[in-house]
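Inspection log for the structure reproduced underneath, given as structure tokens.
By convention in this document, chain letters (A, B, ...) are assigned in the order of the sequence lines, proteins followed by strands, and residues within each chain are numbered from 1.
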Number of protein chains: 2
Amino acid sequence: MKTLTRNEIAARLLENDRIFVLMHKSPDGDAIGCAYGLCIALQRLGKCAMPVCSDDIPPKYEYITSKLSVQSFEPSYIVSVDLAATQLLGDKLEQYADKIDLCIDHHGSNTGYAKEGYVDAASGACTQIIAPVIELMGIKIDKDIANAIFTGITTDTGCFKYSNASAVSYRMAADMIDKGADSTYINRLMFDTKSRQRLDIERMALESMEFFADDKIAVVAITNEMMERSGAEDGDTDGIAGIPRQIEGVQIGLTLKEKENGGFKVSARSTGDVNVSDICAVFGGGGHRAAAGCFIHGSLEEVKQKIVNEAVKAVTE
Amino acid sequence: MKTLTRNEIAARLLENDRIFVLMHKSPDGDAIGCAYGLCIALQRLGKCAMPVCSDDIPPKYEYITSKLSVQSFEPSYIVSVDLAATQLLGDKLEQYADKIDLCIDHHGSNTGYAKEGYVDAASGACTQIIAPVIELMGIKIDKDIANAIFTGITTDTGCFKYSNASAVSYRMAADMIDKGADSTYINRLMFDTKSRQRLDIERMALESMEFFADDKIAVVAITNEMMERSGAEDGDTDGIAGIPRQIEGVQIGLTLKEKENGGFKVSARSTGDVNVSDICAVFGGGGHRAAAGCFIHGSLEEVKQKIVNEAVKAVTE
């Protein structure tokens, strides 16, 4: 993949008039903010531009998606945003895997699948790259685009709580507010709104919590029975993995989520003192020092014992 | 109270060398950030400056409080920060109520108790006023002061989630990060850390949740028995009042907290569609449209019935 400058990216986009912008499957606020923000901007220039995703966009992003004019056209230029690897395109978009002209991303692990691209791993959100590119194209960032950019920043930084929220993130958020972004509405919608099902599954997860190793390890289990009883769907369990680690004194938080195939997906979180990626690697998984995962076959008790054994070793080392 | 400009405030502080900075009782992150940030800055100029509070500063703020040199002196100039009214000084500080030379505040309800002052209700946090005053005194904002200022902004805006988080708040947060503020550490400490007791009382509160009026009203009860069983203290219930209103479809969230004197403190929160201040006024309470409170004598069932009756009227009107 040939690395371009932001100016060159803006030039490539200006040169092309029928543009598809590909997003990863299970699109999050940053992917949606990038793809819709960029397409809204390109449409302002009279171009044909459409975001493309193998999954439906969750309805809560309607304040962004409704601002785009739906266009039907054959693309002459394929762009990807916030996409680390083409496997993440999902089944429906595999046809584009080898045809991506331009990649705009912020994942250090980007596989370089496109002809040309720009990857800035220092950007907390990928929309932090999209916004200056839009301005380099000479397009004024209006309220609709600002909402899309702000959404990417706040969702990818966990409402400015994660370590990837830099001064640039905060300053760009301020700029987007100046341009009309509904920051309070967006933050409430993304971080302060829960379905009844989410509330119920969260309560059940809290009830299941057990502690080990002098309360340095907290374990939460979410079984299929709990999912059925609460009526929760997979999306409703987002973020629950972060709860056990929030408790004072807990160094490792483990969340066990039952899967259909006779086992549990383990999400491990640490305060950074312990490398949970090492723990998950024992079971063929991996991830980062403070956030990792693996799959373990077996009953809840079996899986719990296996992962807790490894976690106990790690905190007592 | 004579209104001063920020420049005049800086001049007053520069003219005086033995300064007490008064905080409200039950000090929060903004009060602590203001008082310690300002005193650390004044000490940098060789002045005697000490924060004064009727309550102990919670230990989690040690990263701020440990940066101040403890000084013992008689004050020649009394300043208050983030203090809407002198009743909020608490018992130990009543002696200063009539002796406050300078007030720096951001409460629109400020009673004008000081000789001179500056009140900017548009400032999301009072530290947003303190920071420019420090710079107007010619003091460089270093990492220690930046941590204090950032703490005030993020705590008073609910980690940038409340409507008082303006572009100024975000931009000043970015400036403080540039000056060394440990933004990730502070946000995690303030918003992602829970005691076991807090976790337990929150779980019990969720278990107590009831719905009324087609699920438009959600009610949570926290009894003394629950407090004892969880080992929670009053501070552990902070923020629980916001939980019922987070649920999709809920227009009014009511949290009933049992008090020692045979009744319940009711915290009412709305999405803004219903004015909960009116509901609380029926019982002699008050507040804002989206957040209000009152006290109702009686058993849990009596209190619940009374407040729910009024809430049902409000949502069906």
Roughly how far apart are [X] [atom1] and [Y] [atom2], rounded to 0.5 Å?
X	Y	atom1	atom2	value
B:E207	A:L206	CD	CG	9.0 Å
A:K194	B:R245	NZ	CZ	11.0 Å
A:S208	B:R203	OG	CZ	10.0 Å
A:R171	B:I177	CZ	CD1	8.5 Å
B:M209	A:L199	CE	CG	4.5 Å

Interface residue of largest heavy-atom contact number with chain A, from B:D200, B:I186, B:I247, under 4.5 Å: B:I247
side-chain hydrogen bond (donor to acceptor under 3.5 Å, both in side chains) partners of B:S267, counting only residues at least two apart: none
Neighbour count >12 (heavy atoms, 6.0 Å) for atom CD, A:E233: no
Where at least one partner belongs to residues 178-209 of chain A, residue pairs that pass ring pair (Phe, Tyr, Trp, His ring centres under 6.0 Å), sequence neighbours excluded: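 The answer is A:Y63-A:Y185.
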Those residues of residues 213-224 of chain B, ordered by number, that approach chain A below 4.5 Å (heavy atom to heavy atom):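 Result: B:D215.
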Neighbours of chain A found in residues 154-167 of chain B - heavy atoms under 4.5 Å: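 Checking residues 154-167 of chain B against chain A gives B:C159, B:F160, B:K161, B:Y162, B:S163, B:A165, B:S166, B:A167.
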Heavy-atom pair count under 4.5 Å with chain B, highest-scoring of A:S183, A:S195, A:G242, A:G249: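 The candidate making the most pairs under 4.5 Å is A:S195.
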B:D192 side chain reached by A:Q246 side chain, heavy atoms, under 4.5 Å: yes
Parallel, tilted or perpendicular: ring planes of B:Y170 versus A:Y170, cut at 30 and 60 degrees: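 B:Y170 and A:Y170: tilted rings.
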